[in-house]
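Some notes on the structure that comes next.
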Amino acid sequence: MPERGQQLTQSRQQKLLRLREQHIDPYPPRFPRTHTNQEAVAYFQRGQAGRTGDYRTRKRFAVAGRITGVRPHGKATFLDLRDGTQKLQVHLRRDILKKGYDLVDNLDLGDLLGARGILFRTRAGEVTIQATEVTLLAKAMRPPPEKWHGLKDVEIRYRQRYLDLMANQDILPIFQARSRTITEMRSFLINRGYIEVDTPVLVPVAAGAMARPFVTHHHALNRTLYLRIATELYLKRLIVGGMDRVFEIGRVFRNEGIDMDHNPEFTLLESYEAYADYNDVMEMVEQMVATVAQAVLGGTVVAHQGNEIDLSPPWQRVSLYEAIRKHTGIDIESYPDAESLGAEMRKRGVEASDRMSRGRLLDKLLGSAVEPHLVQPTFLMDYPVEMSPLAKAKPDNPHYVERFEAFAGGMEIANAFTELNDPAVQRQRFQEQEALRAQYGGEDFDRLDEDYLTALEYGMPPTGGLGIGIDRLVMLLTGQRTIRDVVLFPQLRSRDTGQALPPEPDA
RNA sequence: GGGCCGUUAGCUCAGUCUGGCAGAGCAGCGGACUUUUAAUCCGCGUGUCCAGGGUUCGAAUCCCUGACGGCCCA
């Protein structure tokens with residue numbers, strides 16, 4: 001649609017031509033600014049801007065930003081100039097700028113502009129820069145989104161996030177909070193003596209979680225590789241090697257559906273601590289989340305989807321068995337196999353197919369009947385072994401493992417266990433997973449990783465491990481309803497852009 | 001994978017039920033205006049009504065298929 005595009009930008013094209021005729025470079029390489037808008041205004045408000053004398057003798061400022069408003073008044077113009085800190089008003093007068101004012105006639109909303117001048121306060125009370133010189137920094141060839149209603153079209157907001165950031169002032173703070181959340185978690189762990197590592201994204205076996213992987217191919221090695229679905233087994237190899245406290249914050253990939261709290265790639269924190277167990281990890285999670293909330297929000301009470309959630313420790317602790325019994329009335333002990341449990345769930349109106357494994361049924365029961373009630377932070381403890389192939393069994397009951405998940409705002413935000421370090425039992429658990437996969441074709445199970453078993457055979461100390469979904473934690477802290485609002489570029493179905501696609505690499 | 005809803009100007013949206021000249025605000029274009037700030041005043045409507053097919057004298061509107069998005073369910 002070249003004609004249409006040209007029409008949209010026709011007058012901007014003409015202005016660009018006129019600028020070039022005036023020998024103005026519309027894309028100069030640099031503009032040395034002396035202050036951000038915020039710094040400039042703060043400086044003025046502190047009364048240090050030398051507010052005596054005329055514009056030739058006062059302190060000069062050089063500021064820059066995007067033009068977000070234009071109010072022409074004959075031989076003068078007001079502009080709103082927005083940089084990453086705030087808006088600053090610019091006043092342009094023909095009698096001061098002289099020939100420099102010609103540029104003003106060729107400016108548009110969205111252009112990037114530098115201004116040098118002195119600061120003053122207008123009659124209306126706004127701190128404003130009186131420009132003695134203006135420099136075009138970049139001509140915008142397309143108009144920005146509408147200023148008053150903002151950009152609402154969610155498709156454009158996600159596909160062209162830069163427009164969302166430009167038009168909607170409440171977006172940047174969410175991603176600032178995200179950045180600080182990650183920074184705080186990192187320093188929390190570093191302060192506790194953890195070492196941060198990077199483990200492979202491309203792996204020969206997609207193990208460590210129950211999820212379908214993305215598949216790719218390495219040409220030189222001529223072999224199939226997978227994008228990791230977890231970092232777990234590599235981090236535990238490092239525990240074997242003697243890195244007693246280790247963590248990774250990284251992207252993992254799961255080839256699954258997209259909904260309010262699932263994006264196919266998401267950011268996961270995993271940490272492992274030798275000689276700790278899941279009770280130690282539980283205390284650390286409470287501490288860490290409260291510390292992060294304090295740093296990011298200045299308090300531990302968060303507003304999330306109409307609820308006030310108090311993240312200060314200690315969090316409620318309840319066994320998974322108790323929680324399911326309380327919220328559904330089902331005593332899962334009485335239904336030790338998939339058939340009887342599925343039948344009981346159907347009897348009580350919970351949808352359950354007779355082709356689901358017991359683990360999957362329990363997961364469904366948890367997700368549909370328990371999770372939505374867990375608004376205040378809660379640890380659900382002690383999961384059935386079939387849901388947790390990498391966790392160590394409880395000493396007094398081999399059907400349950402030392403595992404907890406943390407919930408808040410009706411979302412799962414953390415998953416942790418006392419790690420299974422008996423190589424023979426681990427092998428057996430993996431084999432059970434492979435057997436379940438054969439039996440329940442449609443479901444995701446963990447995969448046997450022979451190389452990991454070899455590592456375990458060298459001896460892994462008793463270890464407490466943890467995974468936290470950072471995206472969901474940020475949702476909780478920033479009050480967002482969907483994961484798409486805390487991921488800058490969420491996955492969307494691809495759309496025909498009319499451009500020729502690059503050739504497919506041969507498979 | 002299934003159901004429901006949506007897609008109209010650069011942006012935000014009316015118009016669709018009940019078929020009859022394609023609309024508004026902001027943005028834009030032309031003009032006036034040297035302290036405005038959603039500037040104001042005068043003039044101008046800029047369009048592949050998501051795409052394709054069908055019904056009809058006539059379709060943004062009704063029907064079918066598809067794409068993309070949203071919500072709910074799986």
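Every chain is numbered from 1, with letters handed out A, B, ... down the list of sequences.
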Under 4.0 Å: is that the gap between some side-chain N or O of A:Arg481 and OP1 or OP2 of B:rC71? yes
Of A:Ala76 and A:Val70, the one whose closest nucleotide on RNA chain B sits nearer the 5' end is A:Ala76
Any carboxylate oxygen within less than 4.0 angstrom of a Lys/Arg side-chain nitrogen, looking at A:Lys139 and A:Asp111? yes
First of A:His149 and A:Gly257 reached from the 5' end of RNA chain B, by closest nucleotide: A:His149
What is the nucleic acid contact for A:Arg157, judged by heavy atoms within less than 4.0 Å: base, sugar-phosphate only, or nothing? nothing
Give A:Lys152 one of three labels, base, sugar-phosphate or nothing, depending on what nucleic acid heavy atoms sit under 4.0 Å from its own. sugar-phosphate
Pair assignment for B:rC21, Watson-Crick or G-U wobble, requiring both distances under 3.5 Å: none
Starting the side chain at C-beta, find the nucleotide from B:rA27, B:rU36, B:rU12 nearest to A:Leu109. B:rA27
Would you say the base of B:rU35 and the side-chain of A:Glu126 have a donor-acceptor pair closer than 3.5 Å? no
Is any side-chain N or O of A:Arg71 under 3.5 Å from a base N or O of B:rU36, one able to act as donor and the other as acceptor? yes
Can you see which heavy atom on A:Ala209 is nearest to which on A:Arg447, and at what distance? O-NH1, 4.5 Å
Complement of B:rU65, any strand, by Watson-Crick or G-U distances under 3.5 angstrom: B:rA51
Quick one: is A:Lys15 getting a side-chain N or O under 4.0 Å of the B:rC29 phosphate, OP1 or OP2? yes
Using a strict cut-off of less than 4.0 Å between a Lys/Arg side-chain nitrogen and an Asp/Glu carboxylate oxygen, indicate whether A:Glu434 and A:Arg437 qualify as a salt bridge. yes
